[in-house]
Amino acid sequence: MLTDKLKNFRITFNIFWKRKIFKVCFSLHLTYFIIGLILTIFFLREFNDFLVYHNVGKVFLSDIENLYDPSNYLWPYRYFPLSGFLFVPFSLLPFEAAFILFNVFNLIINFVNCLILHKIINLISHNEETLKREIYYLSLYLVALPHAFNYAMGQTNSLVSMVLLASLYVFLKHDNLKWNILGGLLVGISLNIKPITIFIVPFLITFTIKLKGKLNMLEIKRSFVRLLGASLPILLNLPLLIAIPGLFNGFLEINFVGTETLIVNNSFSITKLIINLLSMLNVETNLLLDLQIIIFLIIFVLIGVVGFLIFIIRKLQTNYIIYGYIIGILVMLLVYFDSWDLHLIILIPLLMISIIHLEDLPKSHKSRMFLLKSLKRSIYFFIFIDLPIFGLIYLLKDIFPYNFIPTIFLLLIYVSSGKYLLTEEKE
């Protein structure tokens, strides 16, 4: 069985390798990896996210009560307590060796992501042009500029993307309850790695609410199993939170109510753009501390709750979970305080899957074509243009810290996806 799979993988890779675009993009991706190592080890030794992770591993072992103390790190650590365990092995190594090893894992994971994308695409697309389009979009995935940023910062986004794509593959391929709980578990594991996927959880439900007709009990059961699976890995944090009460308070403060969320930066979330504006207008810190959670909740209702309501009354019946994943990530990126350009590594593969899915369908629906055009424009922006714009705004951060252009594209995808979900399927 394993021998056959390896043989099939080798055959598929050889087909991809014969195409010049894939070969060039594959080589460019390796260049991103090498440049990321050189930049961080020789120039950005004290200015990267992995330095935070490296210290988190040490604190997790020796002083876990102060896991969320911002004085321990260059930037605030906002993840669940158990995620600190992931970095313990790396913290036992010198920084340089740990960083190189971590990025080697990232490199391998990105190629694994290509393999999972290949499998998902073959599940949802049966067009005779599928292979040509697949090679093209996987090449785009490899050449996406946010990968270079991710390598330089030593971030976990590729790992999150891998676990999330694996869960999507499970949901698309299998329908029975045991596979649904596995898919949910994978979503929960991605949450433990990085909470950026937390708003995907409500979009795991499979039933819809209609004005007429009864709820499908099988779909309710399937939804419950998915939500249960997603909850279990998160519940594993409870023993730590109960045993060390300060962890819970620290987690809440660093993520929602402390002064760390008031730092002016180039996050493109709507919440952060508003807080940046108020900070630049010299609104008092004490007032901002009171306002920030109110702003967060208002944006969450407008984006998150409305998005969920659209999903739960959707008319789309096939492959709707793809758009549930997309909206779930969009909610997080638009609502939470810290949303960065390297987080797009998680979103870009989902957009590619949607594009290939939509390209196979008849072009008669206006909402379908609106979504397809929105996705294509956005994905090219995210892959090639977004990071240079971020760099420019970063240089101007003291006078103009408003990284709003990615926000516009995210909102465009959000609106067009919601509109498509409410479209009646006629074909």
Side-chain angles (χ1 to χ4, degrees), residues 79-83 116 120 123 159-210 213-242 248 251-252 255-256 297 300-301 303-336 346-347 350 353 414 417-418 421:
Y79 304 172
F80 287 111
L82 268 185
S83 63
I116 301 173
I120 291 175
L123 280 179
L159 178 59
V160 174
S161 181
M162 182 185 74
V163 180
L164 201 61
L165 288 173
S167 71
L168 181 59
Y169 175 75
V170 169
F171 288 137
L172 289 170
K173 185 174 176 62
H174 301 284
D175 206 31
N176 61 42
L177 294 182
K178 69 176 183 180
W179 284 103
N180 273 272
I181 197 167
L182 174 61
L185 282 168
L186 288 169
V187 173
I189 291 169
S190 75
L191 261 167
N192 255 345
I193 299 169
K194 191 169 191 171
I196 191 171
T197 60
I198 193 165
F199 291 130
I200 285 179
V201 175
F203 295 92
L204 296 180
I205 64 167
T206 63
F207 61 84
T208 58
I209 295 177
K210 301 177 181 179
K214 297 180 179 179
L215 290 175
N216 186 319
M217 292 307 297
L218 177 61
E219 295 303 327
I220 292 176
K221 184 184 293 186
R222 185 177 285 115
S223 301
F224 173 77
V225 166
R226 288 183 177 188
L227 295 175
L228 176 64
S231 301
L232 290 176
I234 304 306
L235 293 175
L236 293 176
N237 288 278
L238 281 180
L240 274 177
L241 294 171
I242 293 172
F248 183 68
F251 179 80
L252 286 181
N255 279 287
F256 298 106
L297 290 174
F300 174 71
V301 170
I303 301 295
V305 175
V306 170
F308 179 71
L309 290 176
I310 289 172
F311 187 75
I312 206 171
I313 62 171
R314 66 188 180 275
K315 295 179 180 179
L316 184 69
Q317 297 300 315
T318 56
N319 293 322
Y320 57 83
I321 192 169
I322 297 170
Y323 303 97
Y325 271 52
I326 289 173
I327 293 177
I329 292 293
L330 289 174
V331 170
M332 186 66 173
L333 295 179
L334 290 168
V335 173
Y336 188 61
I346 301 169
L347 180 63
L350 300 174
I353 293 167
Y414 176 87
S417 297
L421 282 169

Does Phe311 reach the side chain of Tyr320, with side-chain heavy atoms less than 4.5 Å apart?
yes
Taking all atoms of both residues into account, what is the closest heavy-atom pair of Ile205 and Arg314, and its distance?
O-NH2, 4.0 Å
Among residues at least two apart in sequence or on other chains, which ones pass side-chain contact (heavy atoms from CB on, under 4.5 Å) with Leu309?
Val305
For residues Tyr323 and Leu316, report the shortest heavy-atom separation together with the two atoms involved.
CD1-CD2, 3.8 Å
Ignoring hydrogens and angles, tell me if any N or O in the side chain of Tyr414 forms a donor-acceptor pair with the backbone of Leu330 under 3.5 Å.
no
Can you find a pair of side-chain heavy atoms, one from Leu168 and one from Ile353, that are under 4.5 Å apart?
yes
I'd like to know whether CZ of Phe207 has more than 12 heavy-atom contacts from other residues, nucleotides or ligands below 6.0 angstrom.
yes
By ring pair (Phe, Tyr, Trp, His ring centres under 6.0 Å), Phe224 pairs with (sequence neighbours left out) none
Close side-chain approach of Val163 to Thr197, heavy-atom, < 4.5 Å
no
With sequence neighbours excluded, give me every ring pair (Phe, Tyr, Trp, His ring centres under 6.0 Å) pair touching residues 174-193.
His174-Trp179
Mind checking the CG-CZ spacing from Asn216 to Arg222? Nearest 0.5 Å is all I need.
8.0 Å
If you round to the nearest 0.5 Å, how far is CG of Leu172 from OG1 of Thr318?
10.5 Å
Just jot down the side-chain contact (heavy atoms from CB on, under 4.5 Å) partners of Phe256, sequence neighbours excluded, or say none.
Leu252, Ile293, Phe296, Tyr336, Phe337
To the nearest 0.5 Å, atom CD1 of Ile181 lies from atom CG of Asn176 at 11.5 Å
Taken in chain and number order and not counting sequence neighbours, the residues that satisfy side-chain contact (heavy atoms from CB on, under 4.5 Å) with Asn192 are Phe80, Leu82, Pro233, Ile234, Asn237
Nearest heavy-atom neighbours spanning Leu241 and Pro81
CD2-CG, 3.8 Å
Would you give the length of the straight line joining atom CG of Asp175 to atom OG1 of Thr206, rounded to the nearest 0.5 angstrom?
8.5 Å
Student check: side-chain heavy atoms of Ile321 and Arg226 closer than 4.5 Å
yes
Please examine the side chains of Phe203 and Phe308, heavy atoms only from C-beta on, and report whether any two atoms are closer than 4.5 Å.
yes
Who pairs with Lys173 by side-chain contact (heavy atoms from CB on, under 4.5 Å), at least two apart in sequence or on another chain?
Leu123, Tyr169
Side chain to side chain, Ile329 and Phe199, heavy atoms closer than 4.5 Å
no
Given the rule in the side-chain contact (heavy atoms from CB on, under 4.5 Å) test, do Leu191 and Val201 qualify, once you have shown the distances and angles that lead to the verdict?
CA-CA 9 Å; Leu191 261 167; Val201 175; 3.7 Å; yes
Would you say that Tyr325 contacts Val187 through its side chain, given a criterion of any heavy-atom pair below 4.5 Å between the two side chains?
yes
Is there a side-chain contact between Ile322 and Ile326 in this structure, where contact means two heavy atoms from C-beta onward sitting under 4.5 Å apart?
yes
To the nearest 0.5 angstrom, please state how far the CG atom of Leu228 sits from the OG atom of Ser223.
12.5 Å
Rounded distance (nearest 0.5 Å) linking atom CG of Leu240 with atom CZ of Phe248
13.5 Å
